[in-house]
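First up is the structure itself, then whatever we jot down about it.
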Amino acid sequence: MILHSDETLDVDVPHGGAMRIHLFRPAVEGRFPGILLFSEIYQVTAPTRRLAAMIAGNGYVVAVPEVYHEYEPAGTVLNYDQAGTDRGNALKIAKPVAAYDADAQAGLTALLDHPACNGRLGTFGVCLGGHLAYRAGLDPRVSAAACFYPTDIHSGTLGEGRSDDSLARMAEAQGRNAVRLGAAGSARSLCRARRDPDAAGGDRRVV
């Protein structure tokens with residue numbers, strides 16, 4: 001499917017300034033479900049763009065926010081090297097959890113306002129993005145969240161102060177949540193809390 005993949009949107013986030021969002025959508029007439037896709041700690045890298053394009057090619061409007069927009073200039077991509085990893089990990093615990101949540105709310109609203117979105121919303125993320133997709137999925141406007149290897153979700157150490165309430169808020173999720181844990185784990189529903197024999201034992205029991 002031919003895609004529009006070079007569009008960006010700058011969205012104002014309360015107390016957080018402008019957040020750059022990268023958009024991917026089918027280049028055909030019509031309206032499609034929206035997916036808010038959260039990146040890993042390196043922001044919108046080439047692999048993240050390929051993932052967004054793959055999802056969009058299946059008939060979705062995909063919005064990818066720059067998760068560290070308060071700390072880095074718009075368009076910044078951190079390198080897959082030690083310096084980029086150190087910077088991404090430092091920002092991961094410098095940013096308040098409330099700021100991550102405000103980003104998600106603004107991103108979901110931007111998707112709903114986009115003329116190509118049909119009003120149905122989901123979230124998707126990998127690593128840091130997996131945790132952010134889970135938290136965004138607590139928004140009642142979200143029908144489903146797909147969370148791959150969600151960083152720190154078992155330990156509750158996301159954000160400034162390394163203290164989050166993600167698992168404690170699980171009952172707020174009105175949509176369906178699928179979480180994949182561990183390098184060889186199987187997708188499981190958080191709501192069912194089933195055993196994943198391939199995920200790390202302690203992490204699995206917490207979730």
Side-chain angles (χ1 to χ4, degrees), residues 21-26 32-45 47-65 67 92 97 100-101 103-105 107-112 117-159 164-207:
I21 293 177
H22 301 255
L23 296 170
F24 301 76
R25 60 186 177 90
F32 308 92
I35 299 293
L36 189 60
L37 170 61
F38 291 96
S39 70
E40 55 196 351
I41 61 171
Y42 304 96
Q43 299 215 104
V44 190
T45 60
T48 296
R49 295 184 67 87
R50 289 195 294 270
L51 175 59
M54 181 189 73
I55 296 170
N58 284 279
Y60 295 90
V61 181
V62 181
V64 190
V67 294
K92 179 187 70 175
V97 172
Y100 286 121
D101 292 343
D103 289 353
Q105 292 168 12
L108 291 168
T109 298
L111 268 174
L112 283 176
C117 181
N118 66 8
R120 299 184 64 190
L121 295 176
T123 64
F124 193 111
V126 179
C127 298
L128 168 65
H131 196 153
L132 299 182
Y134 168 84
R135 291 191 66 89
L138 300 175
D139 189 303
R141 297 174 293 179
V142 175
S143 299
C147 316
F148 291 82
Y149 321 116
T151 299
D152 300 331
I153 197 167
H154 66 288
S155 60
T157 54
L158 176 68
D164 68 71
D165 58 354
S166 297
L167 291 183
R169 296 179 58 195
M170 188 185 302
E172 297 177 28
Q174 298 183 26
R176 304 189 69 175
N177 291 276
V179 175
R180 180 170 175 138
L181 298 173
S186 301
R188 295 299 189 217
S189 166
L190 271 179
C191 297
R192 296 176 186 170
R194 296 191 296 181
R195 256 179 87 91
D196 178 354
D198 297 315
D203 299 353
R204 182 180 64 245
R205 284 190 291 273
V206 170
V207 174

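Position 1 is the first residue of the sequence, and the numbers go up from there. Hydrogens, waters and symmetry mates play no part in the numbers below; they use all other heavy atoms, side chains included.
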Worksheet item: When rounded to the nearest 0.5 angstrom, what is the spacing between CG in D164 and NE2 in H131?
Response: 4.0 Å
Item to complete: Could you tell me whether the side chain of Q43 and the main chain of V67 form a donor-acceptor pair under 3.5 Å?
Response: yes
Practice prompt. Test side-chain contact (heavy atoms from CB on, under 4.5 Å) on R180 and V126 and set out the steps.
Written response: CA-CA 10 Å; R180 180 170 175 138; V126 179; over 6 Å; no
Worksheet entry | Nearest heavy-atom neighbours spanning H22 and R49 | ND1-NH1, 3.4 Å
Worksheet item: Atom OG1 in T157, atom CG in D152: separation rounded to 0.5 Å?
Response: 3.5 Å
Practice prompt. Mind checking the CZ-CG spacing from R141 to L108? Nearest 0.5 Å is all I need.
Written response: 5.0 Å
Practice prompt. Answer whether the closest heavy-atom distance between the side chains of P150 and L181 falls below 4.5 Å.
Written response: yes
Item to complete: Decide yes or no on side-chain contact (heavy atoms from CB on, under 4.5 Å) for F24 and V64, but give the supporting numbers first.
Response: CA-CA 8 Å; F24 301 76; V64 190; 3.9 Å; yes
Item to complete: Identify the two heavy atoms, one from A145 and one from A133, that lie closest to each other, and give their separation to 0.1 Å.
Response: CB-O, 3.8 Å
Discussion item. Between Y100 and G159 (side chain of the first, backbone of the second, donor and acceptor by atom type, cut-off under 3.5 Å), is there such a pair?
Written reply: no
Worksheet item: Got a second to check how far L36's CG is from D103's CG, nearest 0.5 Å?
Response: 9.5 Å
Worksheet entry | Minimum-distance pair of heavy atoms, taken over all atoms of M170 and Y134 | CA-OH, 3.3 Å
Response to the item:
All heavy atoms of V142 vs all of G137, minimum pair found to be CG1-CA, 3.9 Å
Item to complete: Can you see which heavy atom on G119 is nearest to which on L112, and at what distance?
Response: O-CD2, 3.6 Å
Practice prompt. Could you give me the CA-CA distance, side-chain angles and deciding distance for L128 and L158, then say whether side-chain contact (heavy atoms from CB on, under 4.5 Å) is met?
Written response: CA-CA 9 Å; L128 168 65; L158 176 68; 3.7 Å; yes
Item to complete: Tell me, yes or no, whether the heavy-atom count around Y60 atom OH, taken from other residues, nucleotides or ligands under 6.0 Å, exceeds 12.
Response: no
Practice prompt. Taking all non-hydrogen atoms of both residues into account, name the closest pair between G59 and P26 and its distance.
Written response: CA-CG, 4.1 Å
Discussion item. If I take atom OG1 from residue T123 and atom CG from residue D139, how far apart are they, to the nearest 0.5 angstrom?
Written reply: 9.5 Å
Discussion item. Run L167 and I153 through side-chain contact (heavy atoms from CB on, under 4.5 Å) and show every step you take.
Written reply: CA-CA 7 Å; L167 291 183; I153 197 167; 3.9 Å; yes
Discussion item. Would you compute the distance between atom CG of L51 and atom OG1 of T45 and round it to the nearest 0.5 angstrom?
Written reply: 9.0 Å
